[in-house]
2 protein chains.
Amino acid sequence: MTYAQFSRRARLSRRDLCRRILEGHRDSIKTKKEPTAVKNLELIFDATLKVANAKGFQAMTMRDLSQASGLSMGALYAYFSSKEELLEMVQSTGREVTGRLLREGFEEVRDPVERLATAIRTHVFLSEAMQPWFFFSYMEARHLGKRQKELAKQSELATEKMFADVIRAGQTQGVFNGHDPDLTAALIKAMLQDWYLKRWKYAARRLAVDAYAEMVVKMVMAFCLPVGAVATVSGEKKR
Amino acid sequence: MTYAQFSRRARLSRRDLCRRILEGHRDSIKTKKEPTAVKNLELIFDATLKVANAKGFQAMTMRDLSQASGLSMGALYAYFSSKEELLEMVQSTGREVTGRLLREGFEEVRDPVERLATAIRTHVFLSEAMQPWFFFSYMEARHLGKRQKELAKQSELATEKMFADVIRAGQTQGVFNGHDPDLTAALIKAMLQDWYLKRWKYAARRLAVDAYAEMVVKMVMAFCLPVGAVATVSGEKKR
DNA sequence: GAAAAAAACGAGCGAACGCTCGCTATTTTA
DNA sequence: TAAAATAGCGAGCGTTCGCTCGTTTTTTTC
C-alpha cells in the first residue's frame, strides 16, 4: 500500500471528525443546530491545533483561540465548559480515531511479514494524515488530569501490544526470529513517532512519507527475519 | 562498555555542572560567593527539573519554584533575570554537556562496528545519567525564543550527523551496507530518544539501561551489516 | 415582516501571574 | 564587636489569565 492509496481509502475529513465529536458531546454543547455546530467545531479544532502546536496548549490563551478561530469568547464556551475540557476533547477524539483506523488498516492481511509491514505503513500514513492531532496528543499528554493521563498511557500500550502480537504470531509460525516482541514493538513505535514529532527535519530533507515508511519496514524486517531469509517484503514492484 | 563503567568514568555530578553554569553567568548572577551560589544553583535546577518535568515549564509558577527550591522569590531572581532566561540556562547547559561527553565517549574507538555500537551505548547511558535534563530539553524546546530554538535544532542535527558520519566511514571501509546514512541516523536517534522520553514504560517493565542499549545496537547492526555477516558486535562475553 | 428563538458578542470580574524593591537577617571585615 | 557588605525575604505592583453574562445580531417561525 502507498500513502495515496491509504488516504483515498481512509477518507478522514475534518468534517466527519467534528460530527463525531458533536454526537459525543450533544448534552454539553449549547448550540442546537447541527450544521452550525459542526462548522464551529471545525474552526475551533483547527485553531486549537494550529496555535497550541506552535506555542503549547498552556501558553495558548483563550483570546488567542478566539482570534485564530474567528469566534468570540462567549461563542467558544458554547462548545466546552473549560480550557481543560477542550484539551480532553481533542485528546480523546484523536485517540479514538487512531485506534479504530489502525486496527481496520491491517486486519485482513494474514501473512505475518506482510501483516507487520502493513501495520507499520498504516501507522506512518495515519500519523501523516492526522499529523497535528498526533503531535498535539504526544506533547500535551502530561497536562491532562490523572484519569485522562491514564487513558493516554493505556492507548499507547495498546498500540504497542498490537505490534507485539503481530510479531508473536509470526514467531509461532516460525517466520520471525526470537527477539523479545514487546521490546521490539517499543522500538518500532519509537521510530514511528519520529515522523510526526520531527516533521521539520524530514520536511527540510524533502523525504516523502512512503520512503520513510519503507525505511522503517526494512529496518524492522532486517531485525525480525532470520539471517539468510530474503527480504522481499512487499508485493509491490521495486524500481 | 556497561552503564556502570560509563557512569564511573563520566563523573557528571550536579555540583560540577552548577559550577560550570556559574562561570558562564558570572556577570548576571548577583551572588558573589561561589559556595553559596553553587549551592543555590543546585537547589534551583533540581527544583526546576522536578516541577517542570511534572507539569510543564509554562505551567510551573515562580511560586511553585520558590516552594520547591526553598528559596524566596527575591533570592531566585538573583540567579536569572526572567523565567525565560532560566529556561535558556537549563537548555544551554544540557546541550553543552551532552555534546562534549558524547564526542568524548567514542573518539578513541576506531573499528567502525565497535565505534557505532559505542556511540549508541554512550548516548543511552548519557541520557540515563542526565534523564531529567534530556526530558526537559526535548519537551520545552518549542518554548524557547527564535534564536535559542535554532540552536536546539542545530544541536539535534549535529548529534545525528555524528551517527551518520560513523556509518559513512564504515561504508567507505566496506563494513556496512549501502543504506542511506542520514536516514539511518535519524531512526537511531528516534530509538535513543524513547529511552528518556518514555521512562514510565520501561520502568514498569523493569528493563535495565544496558539491556535497552544492547537491543538498539542489535537492531541497528542487523540493518547496517551486510547479510551473512556474523553479528558479534561487542568484545564482551555473551551468556 | 413582526415576534420568538438561537447564536454571537466582548467588556468586565476575581484570581493568579511574573517580577520588584524596601526591608531584615546573616556573614565578613577591620 | 561595631560597621560594612552580602544574602535573603515576601507583600505588593501592574498585567494578563480563564471565564461569565447582559446585551446585540442573526436566523427561524408563522
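We name chains A, B, ... by the order of the sequence lines, and we start the count at 1 in each one.
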With [X] via side chain to side chain donor-acceptor pair (under 3.5 Å) - residues at least two apart:
X	value
B/Lys201	A/Glu156, A/Glu160
B/Glu34	B/Arg19
B/Trp195	B/Glu128
A/Asp194	A/Tyr202

Test: ring pair (Phe, Tyr, Trp, His ring centres under 6.0 Å). Region: residues 136-156 of chain B. Which pairs qualify, not counting sequence neighbours?
B/Phe57-B/Phe136
Distance-only donor-acceptor hits, side chain of residues 93-102 of chain B, under 3.5 Å, sequence neighbours excluded:
| from | atom 1 | to | atom 2 | distance (Å) |
| --- | --- | --- | --- | --- |
| B/Thr93 | OG1 | B/Met89 | O | 2.6 |
| B/Glu96 | OE2 | B/Arg20 | NH2 | 3.1 |
| B/Thr98 | OG1 | B/Gly94 | O | 2.6 |

Along DNA chain C, first and last positions that approach a heavy atom of chain A under 4.0 Å:
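Range of nucleotides within reach of chain A: C/dA7 to C/dG12.
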Can you sort out which residues in residues 35-57 of chain A have a heavy atom within less than 4.0 Å of DNA chain C? Ascending by number, please.
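Within residues 35-57 of chain A, the residues near DNA chain C are A/Thr36, A/Asn40.
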Donor-acceptor pairs under 3.5 angstrom involving side-chain atoms of residues 38-45 of chain A: please list them, not counting sequence neighbours.
| from | atom 1 | to | atom 2 | distance (Å) |
| --- | --- | --- | --- | --- |
| A/Asn40 | ND2 | A/Tyr79 | OH | 2.9 |
| A/Glu42 | OE1 | A/Arg15 | NE | 3.1 |
| A/Glu42 | OE1 | A/Arg15 | NH2 | 3.1 |

B/S/- contact track for nucleotides 19-30 of chain D, protein heavy atom under 4.0 Å:
BBB-----SS--
Pairing residues for B/Tyr77 by the ring pair (Phe, Tyr, Trp, His ring centres under 6.0 Å) criterion, not counting sequence neighbours:
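By the ring pair (Phe, Tyr, Trp, His ring centres under 6.0 Å) rule, B/Tyr77 matches B/Phe80.
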Excluding sequence neighbours, so at least two apart, what forms ring pair (Phe, Tyr, Trp, His ring centres under 6.0 Å) with B/Phe135?
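Result, ring pair (Phe, Tyr, Trp, His ring centres under 6.0 Å) vs B/Phe135: none returned.
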